[in-house]
Amino acid sequence: MLTVDYQLVDTEEKRTEMLQKLLTTEILSIDTETTGTDAMTAELVGMSFSDAENRAWYVPVPADRAEACRIVDSLRPLYENAQSLKVGQNIKYDMIVLQNYGVHVQGPLFDTMLAHYVLQPELRHNMDYLAEIYLHYQTIHIDELIGPRGKGQKSMRDLPPADVYRYACEDADVTLKLKNVLEQELRKQGAEQLFYDIEMPLVPVLVNMETNGVRIDTEALAQSSAHFTARLQQIEENIYQLAGETFNIASPKQVGEVLFDKLKIGGKPKKTKTGQYVTSEEVLESLRGKHDIIGKILEHRGLKKLLGTYIDALPQLINPQTGRIHTSFNQAVTATGRLSSSNPNLQNIPIRDEDGKEIRKAFIPDDGCEFFSADYSQIELRIMAHLSGDANMIEAFTSGHDIHAATAAKIYKVDIKDVTPDMRRKAKTANFGIIYGISIFGLAERMNVSRQEAKELIDGYFETYPQVKAYMDRSIELAREHGYVETIFHRKRYLPDINSRNATVRGYAERNAINAPIQGSAADIIKVAMARIHQRMSAYNLKAKMILQVHDELNFSVPASEKQTLQQIVIEEMERAYPMQVPLKADCGWGSNWLEAH
DNA sequence: CCCAGCACGC
DNA sequence: GACGTACGTGCTGGGT
């Protein structure tokens, strides 16, 4: 049986004693117990610390806010000691909670969740799982304390500290043990640069962005809501009239039955693998001319989506303390290295349709500030040019011409000034298709042209950019040889299906072999830029705030007096984040809201 | 409670 | 004959 030294620190004397022991430690594993999973609204219930394996302390924090702040403040020297390495499992969460109690965690960071993410992006990264795999140890599960998820689950607050401290101490202890194993794994796997130079420096940036939050124009959204709800009602009645019955328009099943069984619109309808009629936007769009009800259903779907997901949902997510919306940027979700955003997802705010644009308008800067948006121009294609070393594609970018037009000119062998809009559109689809590893059939579908024409287009594409073709073949070959592909900063994606005998499964892995290094390298690059921008904003003492990242785009709320300085910092750091065979270019704009700035 | 279908972004 | 461009999150319906 393993003997551990776990202590409940429930008096001022014990706290002082713990503080003395931990003040000079070079490594400090930290964990917090809280009342919830949302860092911006969670209350602190306790803090645990570990400085050596099998030794940990737990400091309970009372519900009374003033008393809580006093206790947290007494431990500030530990958290804000810039000399000691802070180790945590999903440490961004603890940093946000602590920041809301006035403490700013300082010093180098080691997040065990992120260490495992760079090692195995597609596996799970929760502590219980990591402890089992790397330590062969079964941790106390949180459910054992507060009960299973769902109704009736207790809050950590409801439990006496005497019941919590073993669990809480174990978390800090296990996290430290995991760090000791994972740091060796990072070294063995050649993942140190990615972890120490890219992922860890990004953590405080995300803490800053999430706590900053985004301001929302609730009045504008309320107006949109009234307007769209009225329109929705009108369309609903219209649809019932056209159908000759009432039904649930939000049910794809019922829509299919009305359109194809009752009204018998179109030829033979497509079915899903569950036997339902397909009523996707693509199918409906192809039937648009055949019946007035089709357009109405599409319009209904669009409006319902906007209302349910954005217009009526966002105002409810405003944090009453800050008056802002605070998304979570998840750093350990995607297979390629991109961030994701949730609760709410602010990376899929509409921009294309007219109705959707109303929502973007409601994202506004702070008082006295302007909205600033900067985005990489064609970063993925530029990475393709760089990685493939294709002379023609590099030339197309260095010439400064519009890349899709330049591609069209080369494929169709015409002067760039003679490129028609249709030629450019097809070249653009081809450029996107290439990044995703598209097939001839897929391209034909996308462009609504014959397979013959699609084949000729792809042949022309590869003739124009022969090294791109070679790069694609090489990527698949590398995946077969090593079992993985990697980005410019050696972020790996494992592709075990690359040798599958099932052509569909293998095809999927092959497309990933092509796409993952491209998409992942773009993710690496913007992460580098974000950390450097954050660094310089602090160095210049700017009041401007970084507030959102949308894969190839960064958004800021900026005081009028800082506009010039900030724009220069952002564009400079974005464009020089990673020198390549083609220049990186960032475009930008200013406005009184996100739509105007974009 | 979970999955399917759909729709929004890059 | 089926399949056929990457990566995500969230809503609703409908079955369990």
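So that the names make sense, note that chain A is the first sequence line, chain B the second, and so on, each numbered from 1. Quantities reported herein were computed from a predicted structural model and do not represent experimental measurements.
- Using a 3.5 Å distance cut-off with no hydrogens or angles, the side chains of A:Ser592 and A:Glu596 do pair a donor with an acceptor.
- With salt bridges taken as basic N to acidic carboxylate O contacts below 4.0 Å, none links A:Asp390 and A:Lys469.
- Classified by interplanar angle (parallel below 30°, tilted 30° to 60°, perpendicular above 60°), the ring pair A:Phe556/A:Phe372 is tilted.
- Considering only side-chain atoms of A:Ser340, the nucleotide from C:dG10, C:dT9, B:dG5 that sits closest is C:dT9.
- Looking at heavy-atom distances under 4.0 Å, A:Ala335 makes contact with sugar-phosphate atoms alone, never a base.
- Between A:Lys527 and A:Glu573 there is no salt bridge, since no side-chain nitrogen of the basic residue lies less than 4.0 Å from a carboxylate oxygen of the acidic one.
- Contacts of A:Lys253 with the nucleic acid, taken as non-hydrogen atoms under 4.0 Å apart, involve only primed sugar atoms and P, OP1 or OP2.
- Among the heavy atoms of the strands lying under 4.0 Å from A:Gly308 are primed sugar atoms or P, OP1, OP2 only; no base atom is included.
- Ranked by how close their nearest DNA chain C nucleotide is to the 5' end, A:Glu445 and A:Thr334 are led by A:Glu445.
- For the pair A:Asn515 CG and C:dG8 P, the computed distance is 10 Å after rounding to whole Å.
- A straight line from CD of A:Gln331 to C1' of C:dG8 spans 16 Å, rounded to a whole angstrom.
- B:dA4 and C:dC3 are spaced 15 Å apart, taking the P atom of each and rounding to whole Å.
- Between the CD atom of A:Gln254 and the P atom of C:dT12 there is a distance of 15 Å, given to the nearest Å.
- Rounding to whole angstrom units, NZ of residue A:Lys270 and P of C:dA2 are separated by 12 Å.
- Contact check on A:Arg425 versus A:Asp422 returns a salt bridge, with a Lys/Arg side-chain nitrogen under 4.0 Å from an Asp/Glu carboxylate oxygen.
- Salt-bridge check for A:Glu510 with A:Arg480: passed, with a basic side-chain N closer than 4.0 Å to an acidic carboxylate O.
- With P as the reference atom, C:dA2 and B:dA7 are 24 Å apart, rounded to whole Å.
- Judged by distance alone, the side chains of A:Ser500 and A:Asp497 never bring a donor and an acceptor atom under 3.5 Å apart.
- Contact check, A:Ser439 against C:dC3: no side-chain N or O comes under 4.0 Å of OP1 or OP2.
- Phosphate proximity of B:dG5 to A:Thr274: present, with a side-chain N or O under 4.0 Å from OP1 or OP2.
- For the pair A:Arg493 and C:dC7, the criterion of a side-chain N or O lying under 4.0 Å from OP1 or OP2 is met.
- Here C:dG13 presents its P atom at 13 Å from CZ of A:Phe247, a figure rounded to the nearest Å.
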Which pairs of donor and acceptor atoms, one on a side chain in residues 349-357 of chain A, lie under 3.5 Å apart (sequence neighbours left out)?
residue: A:Asp355; atom: OD1; partner: A:Arg231; partner atom: NH1; Å: 3.3
residue: A:Asp355; atom: OD2; partner: A:Arg231; partner atom: NH2; Å: 3.1

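- In this model, no donor atom of one side chain and acceptor atom of the other lie less than 3.5 Å apart for A:Glu358 and A:Gln223.
- Computed from coordinates, the A:Leu314 CG to C:dC11 C1' distance equals 13 Å when rounded to whole Å.
- Distances from the side chain of A:Pro252 to the nucleotides C:dC7, B:dG5, C:dT9 place B:dG5 closest.
- At whole-Å resolution of the value, NE2 in A:His300 and P in C:dC11 are 17 Å apart.
- A:Glu380 comes within 4.0 angstrom of no nucleic acid atom, judged by non-hydrogen atoms across all strands.
- Looking only at atom types and distance, the side chain of A:Tyr277 has a donor-acceptor partner in the side chain of A:Asp261 under 3.5 Å away.
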Give me the distances for all protein-to-nucleotides 7-10 of chain B N/O pairs that come in under 3.5 Å?
residue: B:dA7; atom: OP1; partner: A:Arg301; partner atom: NH1; Å: 3.0
residue: B:dA7; atom: OP2; partner: A:Glu281; partner atom: N; Å: 2.9
residue: B:dA7; atom: N3; partner: A:Lys305; partner atom: NZ; Å: 3.0
residue: B:dC8; atom: O2; partner: A:Asn348; partner atom: ND2; Å: 2.8
residue: B:dG9; atom: OP1; partner: A:Ile351; partner atom: N; Å: 2.7
residue: B:dG9; atom: OP1; partner: A:Arg352; partner atom: N; Å: 3.0
residue: B:dC10; atom: OP2; partner: A:Arg352; partner atom: NH2; Å: 3.1
residue: B:dC10; atom: O3'; partner: A:Asp552; partner atom: OD1; Å: 3.0
residue: B:dC10; atom: O3'; partner: A:Asp552; partner atom: OD2; Å: 3.4
residue: B:dC10; atom: O2; partner: A:Arg338; partner atom: NH1; Å: 3.0
residue: B:dC10; atom: O2; partner: A:Arg338; partner atom: NH2; Å: 3.4

Review point. Based on Watson-Crick and G-U pairs with both distances under 3.5 Å, what dot-bracket line describes DNA chain C 5' to 3', crossing pairs as [ ] and inter-strand pairs as |?
Key: ......|||||||||.
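- Residue contacts for A:Tyr376: at a heavy-atom cut-off of 4.0 Å it reaches no nucleic acid atom on any strand shown.
- Between A:Asn330 and C:dG8 there is no side-chain polar atom (N or O) within less than 4.0 angstrom of OP1 or OP2.
- Contact annotation for A:Arg506: no contact, since no heavy-atom pair falls under 4.0 Å across all strands.
- Nearest nucleotide to the A:Asn248 side chain, out of C:dG8, C:dG13, C:dA6: C:dG13.
- Side-chain nitrogen and oxygen atoms of A:Thr272 include at least one within less than 4.0 Å of the OP1 or OP2 phosphate oxygen of B:dG5.
- Contact check on A:Lys262 versus A:Glu245 returns a salt bridge, with a Lys/Arg side-chain nitrogen under 4.0 Å from an Asp/Glu carboxylate oxygen.
- When each of A:Glu122 and A:Ser342 is assigned the nucleotide of DNA chain C bearing its nearest heavy atom, the one mapping closer to the 5' terminus is A:Glu122.
- Checking the phosphate oxygens (OP1, OP2) of C:dC7, a side-chain nitrogen or oxygen of A:Asn512 falls inside 4.0 Å.
- Following rounding to the nearest Å, A:Glu510 (CD) and C:dA6 (C1') show an atom-to-atom distance of 15 Å.
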